[in-house]
Amino acid sequence: PAELAPRIDYESWRRPELFDWLAEAGGVAEEEMRRTFNCGVGMIVSVDAEEAEDIARRLDSGDVSAWICGDVVEAQA
């Protein structure tokens, strides 16, 4: 919904060095890097906050690397 927005914790994962090189070599601003490239995150799944820890643990115990990378907040006007 328009009244909600994602709040990503960019410190929650280690960004692969390739993306640092790309930003520097191409003169790409951080905001553009985040908007254009995944920067090491393949996919983000939005789930109910009360279930997030359990879902992340279940995914991470399989073949998927999973962690909580943020939350959803009220959008700023």
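- In this structure, Arg34 is positioned above the aromatic face of Tyr10, its NZ or CZ under 6.0 Å from the six-membered ring centre and within 45° of the axis.
- A continuous path of ILVMFWY side-chain contacts below 4.5 Å connects Leu18 to Val28, so both sit in one hydrophobic cluster.
- Comment: Glu11 does not engage Arg14 in a salt bridge, judged by the lack of any side-chain N to carboxylate O separation of less than 4.0 angstrom.
- Both Val64 and Ile55 belong to a common hydrophobic cluster when Ile, Leu, Val, Met, Phe, Trp and Tyr are linked at side-chain heavy-atom distances under 4.5 angstrom.
- Applying the 6.0 Å contact sphere to CD of Glu17 captures no more than 12 heavy atoms from other residues, nucleotides or ligands.
- Criterion: ILVMFWY side-chain heavy atoms under 4.5 Å apart, direct or through other members. Under it, Met43 and Val41 are not part of a common hydrophobic cluster.
- Judged by distance alone, the side chain of Thr36 and the main-chain N or O of Met33 form no donor-acceptor pair under 3.5 Å.
- For the residue pair Ala56 and Ala66, the shortest heavy atom distance occurs at O-CB, 3.6 Å.
- Between Arg57 and Asp60 no salt bridge is recorded (no basic side-chain N to carboxylate O distance below 4.0 Å).
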Return a table of donor-acceptor pairs under 3.5 angstrom between the side chains of residues 68-77 and protein atoms on other chains or two or more places apart.
| unit_1 | atom_1 | unit_2 | atom_2 | d |
| --- | --- | --- | --- | --- |
| Asp71 | OD1 | Arg7 | NE | 2.9 |
| Asp71 | OD1 | Arg7 | NH2 | 3.3 |
| Asp71 | OD2 | Arg7 | NH2 | 2.6 |

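- Connection of Ile8 to Leu4 is not established within any shared hydrophobic cluster, with ILVMFWY side chains joined at heavy-atom distances below 4.5 Å, either directly or through further cluster members.
- For Glu53, the CD atom sits in a loose shell: 12 or fewer heavy atoms of surrounding residues, nucleotides or ligands are nearer than 6.0 Å.
- The 12-atom threshold is exceeded at CD of Glu30, counting heavy atoms of other residues, nucleotides or ligands nearer than 6.0 Å.
- Under the 4.5 Å side-chain heavy-atom criterion for grouping Ile, Leu, Val, Met, Phe, Trp and Tyr, Phe37 is connected to Trp21 within one hydrophobic cluster.
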